[in-house]
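In this text the structure is predicted, and so the values were computed from the model without any measurement. Below, each value reflects all heavy atoms present in this structure, side chains not excepted, and no hydrogens, waters or symmetry copies.
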2 protein chains.
Amino acid sequence: MVKRTPEQAEETRRKILAAARHLFETKGYRDTSIAAIVDEAGTTKGALFYHFSNKEALFREVWTELQLEMDAETRAAAAAAISSTDPYAAFLAGTRVYFKWASTEAYQRIVLTDGRAVMGLERWQEDDDRLGRNNVANGLRYLAKQGHISEARIVPMSVMLLNALNGAGFSLSRKDPGVTADNLFEAFEELLRGLR
Amino acid sequence: MVKRTPEQAEETRRKILAAARHLFETKGYRDTSIAAIVDEAGTTKGALFYHFSNKEALFREVWTELQLEMDAETRAAAAAAISSTDPYAAFLAGTRVYFKWASTEAYQRIVLTDGRAVMGLERWQEDDDRLGRNNVANGLRYLAKQGHISEARIVPMSVMLLNALNGAGFSLSRKDPGVTADNLFEAFEELLRGLR
DNA sequence: AGTTTTACATACCACTGGTATGATAAAGCA
DNA sequence: TGCTTTATCATACCAGTGGTATGTAAAACT
């Protein structure tokens, strides 16, 4: 049988995505061959190239999947932590969750490491802007309205703080001596609250 | 003629390195084939694989070359800027130079983007520690001795500040609206001086 | 002078991402 | 219901890739 019902087709597409995500997360983009993906998914190259135009497009879908999950979780955490006493609370809750993501091997491999190299810089920046950076910028905008940070600094600060968190994630997973998750995040909080 | 004098051999090795560097900088690791490198270098695959064990080793040499150049320049700038009035002066001078490097396409491609993806994380971290991060950590150690920053924060802060600068470099070269080199670096300085 | 070693050049190979073609069952239509 | 079309793959194939094996000539050494 070669033709399936739409539900069956959707299922094979899902299987391919799952296999690709698993392999990209554990072995990285370069060391994951199309053959390995379809093997793990239990299908063939024909199916893969029918559902995805090429390896890079498949990767981009996995990338987006991860980013959307991260985005939803951080936004939810920030929204849940809005406080009337501490204006930093919501922002810090969101960044804390992001930091947790940035400490996972999956996020590091797919988003922070391979993402930049595989997708061109242009595309990576486009999409990255929409998610991580926009969230940080929005958080900072809120703090700026309260007068805790300069309005003109929102953009540069959002870039730097987001990358600071990325670096913190790498540092944690590389087990730098004397570094823990709390340790790192407190340092980040100090960095943030130090802004005028 | 197939065998050359040692000087000639060193020359072809140099040519291969130069061609590889040029192509890695402009096209990236993945889009640069061995054939293209030896073509630009005016030699053959035999020569390349005689001088370098594989494509990754060749890349790592280019990577190290760039890092050493950056390292020398930043250290020199920091040393030249030591001031008796402002304890931050030397550190800021060094980071300013590093920021300049982080804004170039070459450094972004080779060190910040492809380096992580090509070399494994382990190797990248090893070498990165020796250079960029160690310099930042030393600068912070100096500030800590003067009491401008907590001793316990040196490691986490060095990671985060270095990555903040990397992000700033990307932001600049991507021409984020309302962002300039001075703009970004002033924000970085604010971030640093805000630390207790 | 003869032998060994260095510095390549060339031919070759397994594998890769991607394409072209073929096959078959579902869906649309008369 | 029968016929055609089309969606969903499976298979065979291809150009290009990083890497290896082999050949070879000049330098270096004894």
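For D/dC9, neither phosphate oxygen OP1 nor OP2 lies less than 4.0 angstrom from any side-chain nitrogen or oxygen of A/Tyr50. Residue A/Thr12 places no side-chain N or O under 4.0 Å from the OP1 or OP2 atom of D/dT8. Contact check, A/His51 against D/dT8: no side-chain N or O comes under 4.0 Å of OP1 or OP2.
Distance, B/Phe59 CZ to D/dG18 P: 14 Å, rounded to whole Å. Rounded to whole angstrom, the span from the CZ atom of A/Phe52 across to the P atom of D/dT8 amounts to 13 Å. Distance, B/Arg4 CZ to D/dT24 C1': 12 Å, rounded to whole Å. Here D/dG19 presents its C1' atom at 13 Å from CD1 of B/Ile37, a figure rounded to the nearest Å. Distance NZ (A/Lys45) to C1' (C/dT19): 9 Å, rounded to an integer number of Å. The distance between atom CD of B/Glu10 and atom P of C/dT6, rounded to the nearest whole Å, is 15 Å. Atom pair A/Arg30:CZ and D/dT17:C1' shows a separation of 12 Å (rounding to whole Å applied). For A/Asp31 and D/dG18, the CG to C1' distance is 13 Å, given to the nearest whole Å.
Closest contact between the side chain of B/Ala9 and the listed nucleotides D/dC9, C/dA7, C/dA9 involves C/dA7. Here the side chain of B/Lys55 is nearest to one of D/dG19, D/dA10, C/dA7, namely D/dG19. When distances are taken from the side chain of A/Asn54 to each of C/dG18, D/dT11, D/dG18, the shortest belongs to C/dG18. Picking from D/dG18, C/dG18, C/dA9 the nucleotide with the shortest atom distance to the side chain of B/Thr43 gives C/dA9. Residue A/Phe49 places its side chain closer to C/dT19 than to any other of C/dA27, C/dT19, D/dC9.
B/Arg14 and B/Glu10 are not joined by a salt bridge, as no carboxylate oxygen comes within less than 4.0 angstrom of a charged side-chain nitrogen. Comment: B/Glu69 engages B/Arg21 in a salt bridge, judged by a side-chain N to carboxylate O separation of less than 4.0 angstrom. Ion pairing of A/Lys27 with A/Asp114 is absent here, as no side-chain N (NZ or NE/NH1/NH2) approaches a carboxylate O to less than 4.0 Å.
Looking at B/Tyr98 and B/Asp71, their side chains never bring a donor and an acceptor atom within 3.5 Å of each other.
Comparing A/Ile34 and B/Leu48, the nucleotide of DNA chain C nearest to each residue sits closer to the 5' end for B/Leu48. Nearest-nucleotide mapping onto DNA chain D: of B/Ser33 and B/Thr5, the residue sitting toward the 5' end is B/Ser33.
Each of A/Tyr142, A/Phe91, A/Tyr88 was scored for a ring-ring contact (aromatic ring centres under 6.0 Å, His included) with A/His148, with one residue passing: A/Tyr88.
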